[in-house]
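Encoded as structure tokens, the structure appears first; notes follow it.
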Number of protein chains: 2
Amino acid sequence: MTEIPKRQVTLDEVAERAGVSRSAASRVINNAPHVSKAKREAVRRAVLDLGYVPNATARALATQQVGAVVLAISSDNPQAFADPFFAEVVVGISAVLEETELELMLLLATSARGQTRLEQLLRTRQTDGVMLMSMHGDDPLAALADKAEVPVVFGGCPVTFEPRYYVDADNRGGARLATEHLVTLGRTRIATITGRMDEGAGTARYKGYQEALAVAGLDAGRVAHGDFSEAGGSRAMAELLAGHPDLDAVFVASDQMAIGALRVLKDAGRSVPDDVAIVGFNDVISARHTEPPLTTVRQPIQSLGREMARMLLGLIAGETPTPLILPTRLIKRSST
Amino acid sequence: MTEIPKRQVTLDEVAERAGVSRSAASRVINNAPHVSKAKREAVRRAVLDLGYVPNATARALATQQVGAVVLAISSDNPQAFADPFFAEVVVGISAVLEETELELMLLLATSARGQTRLEQLLRTRQTDGVMLMSMHGDDPLAALADKAEVPVVFGGCPVTFEPRYYVDADNRGGARLATEHLVTLGRTRIATITGRMDEGAGTARYKGYQEALAVAGLDAGRVAHGDFSEAGGSRAMAELLAGHPDLDAVFVASDQMAIGALRVLKDAGRSVPDDVAIVGFNDVISARHTEPPLTTVRQPIQSLGREMARMLLGLIAGETPTPLILPTRLIKRSST
DNA sequence: CTGAAAGCGCTAACAC
DNA sequence: GTGTTAGCGCTTTCAG
């Protein structure tokens, strides 16, 4: 570990030390052509000796490229980000970005302040690109983002429109998978607890449920709406039990809600899976530890992050990527 | 929503539009003194008309302040960040930063590349400050960070040294609380599953366990080491059962590990809490859904994030904060 | 109170 | 292959 230089070492110092002009030094550092081998070496040594690291800000100002992209979560609820889901997305994004020179900035746009910040980010190109996850349907920022000059990739597809660039999990397919599984098991009175219907994931999963039942010729009328939260799942399950006491299976649009539903079922004296079979969605860690362990649909969350980052990189490089739908698959455990 | 200006609007344009000099415009925007009320107004209007937003990069170059701080997670395991713990920390940090002009950059320094990046960040003041969570004990970066010119706040206290500035949860106190609770319940053969002993949280919790047993005059010899993971918890529990079959309680240093331990106990035919009482640590969401629900020690994770951010802000402002220990408390559920 | 001028550190045309 | 010269957009002395 070399000593820590007190002040910023400038390119001029490197050039002087190496006995070359500043432009030569600059060329070497950005390994551009038109520099003799000798000077190249001299500059290299000077860089090492002096511990030179280019000033990113100055470079950004000169090149008009910021060197950073932002992951923006636009939500009306500050706690939304606490969902382990995002941590996984971030891991995926970060893995891809680590191989580039780009930094990752995180923007939790929940207050009016944050929203304004995100808006400015989109208007003024203070970032090289943004990955946006918008958590409620009528988010005006989402529409604005899709038209912004700055490259924007959506994580998940908003319910109100289809963005130019996005990557999403196959929510509809996953839901169909889950529901078909219930059908295969011989269940005939299959209910569903939906997620928020103003989120793309919520509507898509509901659609998948309907499709599967239509194909099987079964009634898709046993529906209660939740909000992806555990408490919401409990509420919806109670509602279902009251309105459709005959149900023998439930496709629940998220594991969190399934956990809530499980408790209500238990309190009502219905055994899972004997009386009622349950399938969740997401395969969060706790899905393995419920009683009984939850059959659920797994979506490749880290891949989601990775692909978002890759798509953004492509966009920045001037490519025109096409939207990407990531496959989901059924994880069978004992709740069915 | 005003129209989106195509190009960057510059300060000069604002000045021209307002009919004042650039310096005057600049002063208004940074609300510095020495500007007549009339010009102030004119500039304000021009800003609004043109939709001017200052170029952060240029400003950063001129002021030598980046306008961004970084949260760096230094770890040997890329998956470490997937722990919901971090998501919560980020929520806390973000809440504080939202009230400032500072952006948050996220650096998951897991590969050699990331490590280098973090190192450079510390050497060259390319950031206004860093919050560092170092996930393994002998991290050379941690020591380097503590001596860096850049303001650095630690999240959690490393084992090898005490940083100048850090905020941590009261791990030792929490562990003592948990263990004392077991003592109060009349348990006398109390074992522990520790976390990684190269992390501050691991050693501190172990120390708390030892202290509580010393005070009670009980034997603190029933120890197995885990690594904070669920699988590690299972392994350690099996080891404990083999070596100390007489145990009647276990203080487990994390909920994840407790979940693993619970399963092993169940497989071994020991009932919880009748045969063996269990206390975990962290109060993660899944702790509420284990069978039986887990008694655990809650630490204020979001506060941890908030306080880290506040401390960093103080440091940047030139203050000299003192380290902060956040209180923990026991959450009683049915596993004890 | 006001404006001109000199940078911040780097890149990129442009002539040689 | 080489160095000189303008900037990038903003802040900040410094005279007036």
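Residue numbers begin at 1 in each chain, while the letters A, B, ... track the order of the sequences. All values derive from a computational prediction rather than experimental measurement.
Look at CG on B:Asn31: it is 14 Å from C1' on D:dT11, rounded to the nearest Å. One atom, CD of A:Gln64, and another, C1' of C:dC10, lie 12 Å apart when rounded to the nearest Å. Separating the CG atom of B:Asn30 from the P atom of D:dT13 is a distance of 13 Å, rounded to the nearest angstrom. Rounded to whole Å, the distance from CZ on B:Arg40 to C1' on C:dC1 is 11 Å. One interatomic measurement links the two molecules: CZ of A:Arg59 to C1' of C:dC8, which rounds to 16 Å at whole-angstrom precision. We find that CZ of B:Arg125 is positioned 15 Å from C1' of C:dG9, with the value rounded to whole Å. We find that NE2 of B:His34 is positioned 16 Å from P of D:dA15, with the value rounded to whole Å. Rounded to an integer number of Å, the gap from CD of B:Gln65 to C1' of D:dT12 is 13 Å.
Side-chain atoms of B:Arg22 and base atoms of D:dG9 include no donor and acceptor less than 3.5 Å apart.
Contact annotation for B:Val35: backbone-only contact, meaning every heavy-atom pair under 4.0 Å involves sugar-phosphate atoms and none involves a base. Counting any heavy atom pair closer than 4.0 Å across all strands shown, A:Pro54 reaches sugar-phosphate atoms only and no base atom.
For the OP1/OP2 pair of C:dG3 and a distance below 4.0 Å, the side-chain nitrogens and oxygens of B:Ser23 include no atom meeting the criterion. A close approach under 4.0 Å does occur between a side-chain nitrogen or oxygen of A:Ser36 and OP1 or OP2 of D:dT2. For the pair A:Lys39 and D:dT2, the criterion of a side-chain N or O lying under 4.0 Å from OP1 or OP2 is met. Side-chain N/O atoms of A:Ser26 include one lying less than 4.0 angstrom from OP1 or OP2 on C:dT11. For C:dC8, the OP1/OP2 oxygens have no side-chain nitrogen or oxygen of A:Asn55 closer than 4.0 Å.
A salt bridge is defined here as a Lys NZ or Arg NE, NH1 or NH2 lying under 4.0 Å from an Asp or Glu carboxylate O, and A:Lys37 with A:Glu41 fails to meet this definition. The pair A:Arg117-B:Glu103 meets the salt-bridge criterion, since a charged nitrogen lies less than 4.0 angstrom from a carboxylate oxygen. Ion pairing of B:Glu101 with A:Arg113 is present here, as a side-chain N (NZ or NE/NH1/NH2) and a carboxylate O approach within less than 4.0 Å.
In this structure, B:Gln126 contributes its side chain and A:Ala56 its backbone to a donor-acceptor pair below 3.5 Å. With hydrogens and angles disregarded, no donor-acceptor distance shorter than 3.5 Å links the side chain of A:Asp168 to the backbone of A:Ile325.
Residues A:Arg27 and B:Ile29 both approach DNA chain D. Their nearest nucleotides, taken by heavy-atom distance, put A:Arg27 toward the 5′ side.
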